[in-house]
Undergrad: 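Can you keep this structure in mind? I'll have questions shortly.
This is a predicted model, so every value here is computed, not measured. Side chains are part of it too, since the values below use all heavy atoms of this structure and drop only hydrogens, waters and symmetry mates.
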Amino acid sequence: MSRCSHIAPFFAGVFALSVVGCRQDMHDQPRYKPLAGTEFFGDGRSARPAVWGTVARGHLRLDEARYTGKVGDADVDTFPFPITRADLFRGQERFNIYCSPCHSRTGDGNGMVVLRGFRQAASYHTQKLMKAPVGHFFDVITNGFSAMPSYGSRIDSDDRWRIVAYIRVLQFSQHAAIDDVPADQRLEVDKGPASPPPAEPAPKEPAK
């Protein structure tokens with residue numbers, strides 16, 4: 001028997017397997033387009049809800065205080081992580097973007113949209129909000145309050161805490177006493193705000 005007669009059945013088998021492997025059973029199987037209706041399930045939806053308790057990767061939020069501003073039903077009165085100078089600058093930046101249009105950059109509740117007829121925003125300098133725990137502000141930013149919408153989906157949770165820290169800075173800035181200023185810096189306060197640099201003279205037009 002020739003050598004080719006042994007090889008031919010082998011290639012025939014490989015060809016047969018390749019033909020079988022090209023079937024489109026999985027490709028052509030019954031399926032639903034996203035959000036299409038169905039009579040198979042009682043609620044008529046082909047897209048099934050996630051199993052209760054399912055947690056997306058990176059969203060296992062076990063620190064209740066950090067992600068809700070509360071422990072149980074009580075607002076927390078401490079920050080869930082140390083606030084640094086960089087955090088305050090970040091909080092100021094986020095505050096100016098998201099909060100100042102209503103609350104103004106000083107937090108007095110007279111932002112630009114209020115001046116243009118929108119509902120009066122809360123002032124952070126009332127006695128009620130001066131005494132409010134930091135968790136209260138975090139909860140309001142997260143879930144909204146009265147006419148204020150929720151910013152939970154727009155501002156990262158840690159940035160919400162940074163905004164709260166900056167709100168505390170604004171409150172302190174409007175109610176600080178001279179005794180709160182370090183002794184070696186009080187002379188600078190007595191001098192008042194620094195004068196702006198003199199304006200440069202306008203360039204002269206060339207003679208015609």
Side-chain angles (χ1 to χ4, degrees), residues 10-83 87 90-103 109 111-114 116-122 124 128-129 132-167:
F10 171 76
F11 282 107
V14 172
F15 176 76
L17 290 174
S18 64
V19 171
V20 174
C22 289
R23 293 178 61 184
Q24 299 293 307
D25 289 353
M26 294 185 67
H27 180 76
D28 296 330
Q29 66 182 319
R31 65 190 186 281
Y32 292 99
K33 293 182 179 179
L35 305 181
T38 178
E39 296 180 358
F40 185 82
F41 297 105
D43 59 5
R45 297 184 300 169
S46 62
R48 309 312 302 152
V51 176
W52 184 89
T54 300
V55 178
R57 186 185 297 273
H59 289 77
L60 184 60
R61 297 177 171 179
L62 298 178
D63 189 339
E64 180 185 10
R66 186 165 191 155
Y67 295 107
T68 67
K70 297 176 179 291
V71 173
D73 294 328
D75 295 325
V76 298
D77 201 19
T78 56
F79 290 93
F81 56 88
I83 300 297
D87 289 325
R90 173 72 177 180
Q92 180 184 28
E93 178 191 62
R94 300 291 94 183
F95 178 91
N96 289 341
I97 293 172
Y98 292 104
C99 310
S100 67
C102 292
H103 294 277
M112 184 54 65
V113 297
V114 174
R116 290 175 179 260
F118 196 71
R119 182 173 175 175
Q120 179 69 47
Y124 299 130
K128 178 181 178 180
L129 292 184
V134 293
H136 167 77
F137 296 100
F138 184 90
D139 178 60
V140 170
I141 296 172
T142 303
N143 300 306
F145 184 83
S146 187
M148 177 177 164
S150 164
Y151 285 84
S153 62
R154 286 171 271 186
I155 307 175
D156 178 80
S157 58
D158 283 1
D159 276 348
R160 278 173 257 157
W161 283 117
R162 295 180 180 108
I163 289 175
V164 175
Y166 183 67
I167 290 173

Undergrad: Could you give the distance from NZ (Lys33) to CG (Leu35), rounded to the nearest 0.5 Å?
TA: 12.5 Å
Undergrad: Is there a side chain to side chain contact (heavy atoms under 4.5 Å, CB included) between Trp161 and Arg66? Walk through the geometry before answering.
TA: CA-CA 8 Å; Trp161 283 117; Arg66 186 165 191 155; 4.3 Å; yes
Undergrad: Calculate, to the nearest 0.5 Å, the distance between atoms OH and CD1 belonging to Tyr124 and Ile167 respectively.
TA: 4.0 Å
Undergrad: Does NZ or CZ of Arg154 lie under 6.0 Å from the centre of the six-membered ring of Tyr151, at an angle within 45° of the ring axis?
TA: yes
Undergrad: With rounding to the nearest 0.5 angstrom, report the CD1 to CZ distance, Ile141 to Arg94.
TA: 12.5 Å
Undergrad: Given 3.5 Å as the limit, does a donor-acceptor pair link the side chain of His136 with the main chain of Val134, or not?
TA: no
Undergrad: Is any NZ, NE, NH1 or NH2 atom of the basic residue among Asp159 and Arg162 found under 4.0 Å from an Asp or Glu carboxylate oxygen of the other?
TA: yes
Undergrad: Is Asp43 salt-bridged to Arg48, going by a charged N under 4.0 Å from an acidic O?
TA: yes
Undergrad: Pairing donors with acceptors under 3.5 angstrom, does anything connect the side chains of Arg160 and Thr142?
TA: yes
Undergrad: Under 4.5 Å between any side-chain heavy atoms of Phe81 and Asp87, yes or no?
TA: yes
Undergrad: Locate the shortest heavy-atom distance separating Ala165 from Ile83; write the atom from each residue and the value.
TA: CB-CG2, 3.9 Å
Undergrad: Give the C-alpha distance, both sets of side-chain angles, the deciding distance and a yes or no for side chain to side chain contact (heavy atoms under 4.5 Å, CB included) between Phe79 and Val164.
TA: CA-CA 9 Å; Phe79 290 93; Val164 175; 3.9 Å; yes
Undergrad: Which is it for Ser46 and Phe41 under the side chain to side chain contact (heavy atoms under 4.5 Å, CB included) test, yes or no, and what are the steps along the way?
TA: CA-CA 7 Å; Ser46 62; Phe41 297 105; 5.6 Å; no
Undergrad: Between the side chain of His103 and the main-chain N/O of Ala122, is any donor-acceptor distance below 3.5 Å?
TA: yes
Undergrad: Side chain of Thr38, backbone of Gly44: donor and acceptor closer than 3.5 Å?
TA: no
Undergrad: Just by distance, do the side chain of Gln92 and the backbone of Tyr166 share a donor-acceptor pair under 3.5 Å?
TA: no
Undergrad: Are Asp75 and Phe137 close enough, and set up right, to give a side chain to side chain contact (heavy atoms under 4.5 Å, CB included), and what steps lead you there?
TA: CA-CA 9 Å; Asp75 295 325; Phe137 296 100; over 6 Å; no
Undergrad: How many angstroms lie between CZ in Arg61 and OG in Ser157, if you round to the nearest 0.5 Å?
TA: 5.0 Å
Undergrad: Locate the shortest heavy-atom distance separating Val114 from Cys102; write the atom from each residue and the value.
TA: CG2-O, 3.5 Å
